[in-house]
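Everything numeric in this text was worked out from a predicted model, so none of it was measured. Below, chains carry the letters A, B, ... as their sequence lines are ordered, and counting in each starts from 1.
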There are 2 protein chains.
Amino acid sequence: MTGFYGQYQTTLDDKGRFALPAKLRHVTSPDGAPILDGTIILNRGLEGCLSIYPENEWSAIQNRLSSLDFTNQDFRYFSRRFYSGVSPVTPDKNGRVLVPQHLIAEADLKKELLILGVNRWIEVWNPDRYNYYVQQYRGTYEEVAGRLFTGKHDEPAE
Amino acid sequence: MTGFYGQYQTTLDDKGRFALPAKLRHVTSPDGAPILDGTIILNRGLEGCLSIYPENEWSAIQNRLSSLDFTNQDFRYFSRRFYSGVSPVTPDKNGRVLVPQHLIAEADLKKELLILGVNRWIEVWNPDRYNYYVQQYRGTYEEVAGRLFTGKHDEPAE
DNA sequence: CCACTTTCACCCACGTCTACCCAGAAATCG
DNA sequence: CGATTTCTGGGTAGACGTGGGTGAAAGTGG
């Protein structure tokens with residue numbers, strides 16, 4: 001069983017670092033090697049969070065993007081926003097990573113952080129922002145599950 | 001005959017642990033091996049309970065999810081809520097599992113717990129919440145049975 | 001091109017928490 | 001009624017999270 005799971009709270013210190021929860025650091029790929037060893041990719045995420053990908057997942061996303069067409073203006077917009085947020089980081093001896101100041105600002109991170117394991121990647125949230133996201137989302141957890149699994153998914157909200 | 005059945009009450013101790021009832025621990029797959037041996041998957045369930053899957057059942061769910069795509073906003077919402085609730089646990093020597101604090105809070109678990117065997121999985125409820133769920137559900141047990149087996153099921157409540 | 005300032009990577013140290021283990025109490029079964 | 005299993009409480013060693021200090025490197029201004 002592999003992938004990132006669970007929900008953790010931790011703190012951002014004065015230097016802009018936070019500790020990746022040990023449970024996430026110890027997640028291994030099927031062959032038993034720790035996934036988060038070495039360099040990982042920190043990036044601006046969707047809905048106002050930060051996302052963290054292991055390096056191989058990052059390559060997969062990059063491949064997907066590179067197949068798109070630069071004459072498309074949505075592609076250019078997305079690329080600008082996407083790549084400019086990228087920050088490769090290596091955890092220190094205590095498993096902490098340093099978050100660039102502009103990402104702290106964009107994700108509105110304060111001292112208290114909420115870390116989510118979301119299978120292939122990890123997300124970092126301002127807890128208030130996450131609660132608001134959950135609370136205002138169209139439909140409850142049960143309803144969304146229903147939409148997803150009955151195939152009636154992803155109509156625009158309005 | 002295999003699968004999880006029955007209803008049990010147990011207690012959550014000060015450390016956030018509870019004992020899986022022995023009757024459930026001893027349920028075996030058709031080949032005679034105990035299903036709950038080793039790692040089991042504790043997760044946020046629907047309608048405000050916690051759910052417990054054996055590992056193979058969990059893989060089946062994950063496979064179903066993996067066909068979906070992160071560009072779908074319902075998928076992102078569901079993934080966040082779903083995976084963040086997951087906690088793989090291994091029962092200790094005495095058959096107890098530790099419940100993460102945020103799941104205790106979300107399921108509103110107090111000292112008294114209600115454990116339900118629901119065939120492929122197990123559920124953990126705050127007894128009051130379960131009683132309320134049963135009592136407020138649209139239609140009685142008999143009516144729901146009728147709807148289900150005549151095919152007129154899952155219309156919205158109103 | 002040099003000197004000063006700031007930033008960051010690396011390391012150490014300490015308080016807290018938790019995974020693991022042991023043991024006694026209660027319940028169940030023959 | 002005795003033996004065995006199940007349940008519950010608690011102690012302890014080691015892991016984990018957090019704060020901070022220091023030297024090297026990068027950035028800035030003269």
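Side chain to side chain, A/R120 and B/S79 fail the donor-acceptor criterion of an N or O pair below 3.5 Å. In summary, the side chains of A/Y133 and A/N126 do not present any donor paired with an acceptor at a separation below 3.5 Å, with no hydrogens or angles considered.
Taking atom CD of residue B/Q9 and atom C1' of nucleotide C/dA27, one finds them 14 Å apart after rounding to whole Å. Atom pair A/K111:NZ and D/dG17:P shows a separation of 15 Å (rounding to whole Å applied). The distance from atom CZ of B/R25 to atom P of C/dT28 is 14 Å, rounded to the nearest whole Å. Atom CZ in A/F18 sits roughly 20 Å away from atom C1' in D/dG20 (whole-Å rounding). Here C/dT28 presents its C1' atom at 15 Å from OH of B/Y8, a figure rounded to the nearest Å. What separates CD1 of B/I115 from C1' of D/dT6 is a distance of 15 Å, to the nearest Å. Rounding to whole angstrom units, CG of residue A/D13 and P of D/dG21 are separated by 13 Å. Regarding A/L36, its CG atom lies at a distance of 14 Å from the P atom of D/dC16, rounded to whole Å.
Using a 4.0 Å cut-off, some side-chain N or O of B/H26 falls inside it from OP1 or OP2 of D/dT6. In this model, the phosphate group of D/dT8 is approached by a side-chain N or O of B/T11 to a distance below 4.0 Å at OP1 or OP2. Proximity of B/T10 to the phosphate of D/dT6: no side-chain N or O atom is located under 4.0 Å from OP1 or OP2. Residue B/R17 places none of its side-chain N or O atoms closer than 4.0 Å to OP1 or OP2 of C/dC21.
Taking the side chain as every heavy atom from C-beta outward, A/L20 and A/I52 approach each other to under 4.5 Å. Counting only heavy atoms from C-beta outward, the side chains of A/I35 and A/F4 approach each other to under 4.5 Å. The shortest side-chain heavy-atom distance between B/F82 and B/N43 falls under the 4.5 Å cut-off. Contact annotation: the side chain of A/R44 approaches that of A/L103 to within less than 4.5 Å [non-hydrogen atoms, C-beta and beyond].
Listed nucleotides D/dT18, D/dC16, D/dG20 differ in distance to A/D14; the shortest reach to its side chain belongs to D/dG20. Proximity note for B/K15 (side chain, C-beta onward) versus D/dG11, D/dG19, D/dT6: the nearest is D/dG11.
Nucleic acid contact class of B/L20 (heavy atoms, under 4.0 Å, all strands): sugar-phosphate only. Among the heavy atoms of the strands, none lies under 4.0 Å from A/T90.
The aromatic rings of A/Y5 and B/W58 sit perpendicular to each other, their planes meeting at more than 60°, with 30° as the lower class boundary.
Taking hydrophobic clusters as Ile, Leu, Val, Met, Phe, Trp and Tyr residues chained together by side-chain heavy-atom distances below 4.5 Å, A/V144 shares a cluster with B/I61.
Mapped onto DNA chain C by nearest heavy atom, B/K23 and B/K93 fall at different nucleotides, with B/K93 at the one closer to the 5' end.
Within residues 94-104 of chain B, the residues that have a heavy atom under 4.0 Å from DNA chain C are, in order of number, B/N94, B/R96, B/L98.
Each end of the helix from C/dC1-D/dG30 to C/dG30-D/dC1 gets its own axis from five base pairs, and the two axes differ in direction by 40°, given to 10 degrees.
Heavy-atom neighbours of A/E112 CD from other residues, nucleotides or ligands within 6.0 Å: above the threshold of 12.
For an aromatic pair to be called close, the ring centres must be under 6.0 Å apart, and B/W125 with B/F18 fails this.
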